[in-house]
Each structure stands twice: as C-alpha cells, then as structure tokens.
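Contents: one structure, followed by commentary.
Fair warning: this is a prediction, and the values are worked out from it, not measured in the lab. Indexing begins at 1, ligand by ligand and atom by atom, following the structure's order. All heavy atoms count here, side chains included; hydrogens, waters and symmetry mates do not.
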Amino acid sequence: MKVVDHINAANDTLFSFEILPPLKGKSIESIYKGIDPLMEFKPKFVNVTYHREEYIYRERDRGLLEKVAIRKRPGTVGICAAIMNKYHVDAVPHLICGGFSKDETENALIDLQFLGIDNVLALRGDPIKTESTFRRTKNGHKYAVELIEQIAAMNKGHYSLDEIELEPTDFCIGAAGYPEKHFESMNMATDLHYLKKKVDEGADYIVTQLFFDNKKFFHFVEKCRENGIDIPIIPGIKPITKMRHISFLPKFFHIDFPDELSRELLKCKTDEEVKAVGMRWGTEQSKELKAAGVPCIHYYTMSDSTEVKQIAREVF
Ligand code: FAD
C-alpha cells in the first residue's frame with residue numbers, strides 16, 4: 001500500500017521509522033533485532049536508506065596505491081523485500097541519483113515493482129565522501145527533481161529506451177524537505193522553489209530532514225502551503241543520545257539546536273546525562289507534533305531502535 005493511502009486512511013498521527021542497512025558482512029538478523037521492538041507501535045511503513053560507493057586507496061606492490069570503489073552498506077532492496085515478507089508492513093527504499101545512470105535507475109525501479117514495492121523516497125544523495133560537490137553520474141541525474149520526473153514518467157508508461165508506451169508502474173513518490181533549508185541553497189525561498197518543482201513533477205509527500213525546533217517545522221509547513229505545496233509533510237525526528245551527537249548532528253545535517261536545548265546540553269558531563277536531555281526533548285517534540293495533527297512522525301533510528309521505542313511508548 002502507498003504511503004499516501006496509509007495517511008489518507010488514518011484518523012490519527014502515524015508512526016514510521018528509518019533504518020540503515022548493516023555494514024557489509026553483517027547478517028539481516030541485526031536488522032530484525034532493531035525492528036522487532038518497534039512492531040508493537042504498528043508502523044505503517046519502514047524506510048531503508050541507500051548508501052552509494054566510497055573510494056578508498058589500497059596498497060599494492062612497490063608502494064603503489066590503487067583507488068577502489070566499495071559500498072559499505074549494500075542491500076537496501078533486499079532488506080525492503082525481507083521486511084515486507086517478515087512483518088507484512090510496507091517498506092520504502094531510498095533511491096538516489098548518485099551512482100546511477102538513468103538506465104540503471106529504470107532497472108532498479110523495475111526490480112522494485114516486481115517485488116511488490118509501491119513506494120520510493122527519491123533523493124539526489126550527498127557527494128561522494130572524497131568530493132566536495134555532488135557530480136552527476138554519466139547519463140544520470142543531477143537533481144532529485146529529474147529522478148522524480150523519471151519515476152513519474154514510468155508511472156505513465158514512458159520508459160527511457162522505447163518510443164512505445166509500456167506497462168505503467170505505480171509508485172508513490174516521496175521527496176526530501178528541509179525545515180532549516182538545504183545547505184547548498186542560497187536561501188529558504190530558493191529551496192522552496194525547487195521543492196515545489198519536485199511536487200509539480202510528481203512527488204506525493206515530503207519527509208523532512210531531522211530538526212530539533214518545532215517552530216522551524218511549523219514555519220516550514222506554513223511557507224510550503226504559501227508556495228502551493230499542498231502534499232503531506234512528514235516531520236523527521238532523531239533523539240540525541242550521545243555526547244558525540246552534540247557536534248556531529250549539527251555538522252552532518254546542517255541544523256541548529258534551539259537555545260533552550262543547547263543550554264541543557266551544555267550542562268551535561270556524561271552520555272547518560274545527554275541521553276536524558278535528548279529523550280525528554282524528543283518526547284516533548286513528538287507530543288507537540290502529534291497534538292498539532294501531523295500526518296505521521298518519522299523516526300531516524302540510525303541503527304539503534306532502543307531510544308525510539310522509549311519515545312514511541314510515551315507518544316503512541
Ligand atoms: P535536491 O532536491 O536535488 O536538492 C539538492 C540541492 O539542489 C538543494 O539545495 C536544492 O535547493 C537545489 N536544487 C534542486 N533542484 C535544483 C535545480 N533544478 N536547479 C538548481 N538547484 C536545484 N542521502 C543518501 O545518500 N541516502 C539516503 O538514503 C538518504 N536519505 C535521506 C532521507 C531524508 C528524509 C532526507 C531529508 C535526506 C536523505 N539523504 C540521503 C540526504 C540527501 O541525499 C541530501 O540531503 C542531498 O544533499 C540532497 O538531496 P535532495 O533529494 O534533497 O536533493
């Protein structure tokens with residue numbers, strides 16, 4: 001079932017979460033261990049992230065270095081199929097532009113369709129770790145909007161290689177939104193302009209980047225509505241649970257902590273203290289979002305569901 005159909009059928013805020021494929025070589029059991037405790041909250045869908053290749057240098061004979069591409073977390077599509085099979089909930093694979101030609105994207109979408117996967121979160125992806133800017137893969141897409149255009153075209157039976165119309169796919173398409181704007185955008189107005197283009201090309205709903213200031217989310221939704229973006233907007237929430245998160249989250253996700261939260265975090269001396277503040281904050285944030293009637297709250301588990309479970313207990 002499609003994410004938007006779940007949203008339309010619900011009479012209360014839904015619960016969903018996002019997981020990462022395990023590091024290469026680890027078993028699918030590590031995924032089940034993270035999902036099992038969250039099933040009591042009856043998630044309607046589970047997102048699985050996609051991780052593109054990275055480049056590393058391997059030492060060869062005579063001191064030579066060889067540049068090799070590796071994927072540390074493969075398995076997105078396989079995990080989606082396994083989740084649907086084991087838990088009978090919908091899985092939403094993330095599909096990115098980086099590393100894919102248009103033909104490879106088309107083939108990936110055909111695989112998803114054959115597996116009975118109705119949903120896809122269409123993203124550009126970040127630059128390769130060793131590069132400072134995102135570069136289009138040969139014959140691939142530069143922006144998520146182009147990927148969305150391709151999926152929407154397939155939904156109408158237009159595939160890339162053939163002039164003739166083929167059997168249409170029927171994907172529900174998600175897109176990313178940024179309550180604190182995407183870090184490459186000149187300003188919020190420009191970012192919203194491009195977000196609107198994603199909607200015009202066929203995005204059915206938006207999932208936001210994680211944020212800690214609900215006011216920024218509500219303002220973002222308001223601005224989206226003013227700009228004619230009228231599809232469901234799902235807030236993304238991540239509990240802070242470790243000292244390391246205090247610097248990592250703002251740096252990696254280009255987000256700010258609100259003053260009140262940063263003041264509380266500054267007083268913390270241990271991971272336990274940080275976790276207590278982070279859990280309190282995440283719970284209050286979730287309760288406020290639910291009270292405001294958001295369609296769904298999407299939790300970023302980042303491979304550990306323990307804290308999300310505790311918050312869900314309080315909220316759902
Ligand atoms: P886009 O919508 O293409 O936007 C990228 C930038 O380009 C923005 O600044 C935008 O304003 C600008 N822009 C857009 N269109 C145009 C245009 N036509 N002309 C000029 N400028 C334009 N990354 C992964 O690698 N794997 C994942 O699984 C993953 N999951 C994510 C899930 C969520 C919910 C979110 C919010 C992000 C996720 N990301 C993931 C990260 C995402 O790939 C990065 O944030 C990436 O830098 C931007 O992706 P996007 O789809 O928002 O890009």
Ligand 1 N/O within reach of Lys142 N/O, cut-off under 3.5 Å: no
Exercise: do Ser16 and Asn47 side chains pair donor with acceptor under 3.5 Å: no
Heavy-atom check, side chain of Asn119 versus side chain of Cys172, under 4.5 Å: yes
Contact check: Asp126 vs ligand 1, nitrogen or oxygen atoms, below 3.5 angstrom: yes
Whether over 12 other heavy atoms sit under 6.0 Å from His254 NE2: yes
Ligand 1 to Ala176 polar contact by distance, N or O atoms, under 3.5 Å: no
Other residues, nucleotides, ligands: >12 heavy atoms within 6.0 Å of Arg71 CZ: yes
Asp259 versus Ser262, side-chain donor and acceptor atoms under 3.5 Å: no
Derivation of the side-chain contact (heavy atoms from CB on, under 4.5 Å) call for His298 and Ile237: CA-CA 6 Å; His298 186 74; Ile237 296 295; over 6 Å; no
For atom 40 (C) of ligand 1, closest protein heavy-atom neighbour: Leu123 CD1, 4.0 Å
Gln209 neighbourhood, listing ligand 1 atoms whose heavy-atom distance to it stays under 4.0 Å: 36 (C)
Nearest neighbour in protein (non-hydrogen) for atom 3 (O) of ligand 1: Ala144 N, 2.9 Å
Of all pairs that satisfy salt bridge (charged side-chain N to carboxylate O under 4.0 Å, His left out), the ones with a partner from residues 235-253, not counting sequence neighbours: none
Glu307 and Thr241 side chains, donor-acceptor separation under 3.5 Å: no
Full working for ring pair (Phe, Tyr, Trp, His ring centres under 6.0 Å) between Tyr50 and Phe100: CA-CA 12 Å; Tyr50 188 92; Phe100 285 82; 5.4 Å; yes
Proximal atoms of ligand 1 relative to Asp191 (non-hydrogen, under 4.0 Å): 8 (C), 9 (O), 10 (C), 11 (O)
Short N or O distance, Arg124 and ligand 1, threshold 3.5 Å exclusive: yes
Side-chain heavy-atom pair Glu184, Thr133 within 4.5 angstrom cut-off: no
Shortest protein contact, atom 2 (O) of ligand 1 (heavy atom only): Lys198 NZ, 2.7 Å
Residue Ser185 vicinity, atoms of ligand 1 by number, heavy atom under 4.0 Å: 8 (C), 9 (O), 10 (C), 11 (O)
Leu121 and ligand 1 - part of the residue with a heavy-atom distance under 4.0 Å: side chain
Test of proximity, Tyr300 against ligand 1: N or O pairs below 3.5 Å: no
Pairwise side-chain contact, Leu115 with Cys80, heavy-atom cut-off 4.5 Å (strictly under): no
Option nearest atom 45 (O) of ligand 1 (shortest heavy-atom distance, choices Phe183, Tyr50, Tyr178): Tyr178
Distance-only polar pair, side chains of Ser101 and Asp103, donor-acceptor under 3.5 Å: no
Any Phe253 heavy atom less than 4.0 Å from ligand 1: no
Proximity flag Arg52 to ligand 1, non-hydrogen atoms under 4.0 Å: no
Nearest neighbour in protein (non-hydrogen) for atom 23 (N) of ligand 1: Gly125 CA, 4.1 Å
Min N/O separation Glu18 to ligand 1 under 3.5 Å: no
For atom 17 (C) of ligand 1, closest protein heavy-atom neighbour: Tyr194 CE2, 3.2 Å
Taking atom 30 (N) of ligand 1 as the reference point, the nearest protein heavy atom with its distance: His94 ND1, 3.0 Å
4.0 Å protein heavy-atom contact status of atom 47 (O) of ligand 1, strictly under: yes
Any N/O pair Val207/ligand 1 closer than 3.5 Å: no
Atom indices of ligand 1, in the order listed, that fall short of 4.0 Å to a heavy atom of Thr49: 28 (O)
Heavy-atom closest contact (Cys296 atom, Ile234 atom, distance): O-CG2, 3.5 Å
Nearest-0.5 Å distance that lies between atom OH in Tyr194 and atom NE2 in His182: 13.0 Å
Closest protein heavy atom (residue, atom, distance) for atom 6 (C) of ligand 1: His182 ND1, 3.6 Å
Ligand 1 contact by Thr190, heavy-atom criterion under 4.0 angstrom: no
Spatial distance of atom CZ (Phe45) from atom CZ (Phe15) [nearest 0.5 Å]: 10.5 Å
Counterpart residues, ring-ring contact (aromatic ring centres under 6.0 Å, His included), relative to Phe253 (two or more places apart): none
Test item, Asn47 contacting ligand 1 (heavy atom, 4.0 angstrom): no
Protein heavy atom at shortest distance from atom 7 (O) of ligand 1: Tyr143 CE2, 3.5 Å
Test of proximity, Glu184 against ligand 1: N or O pairs below 3.5 Å: no
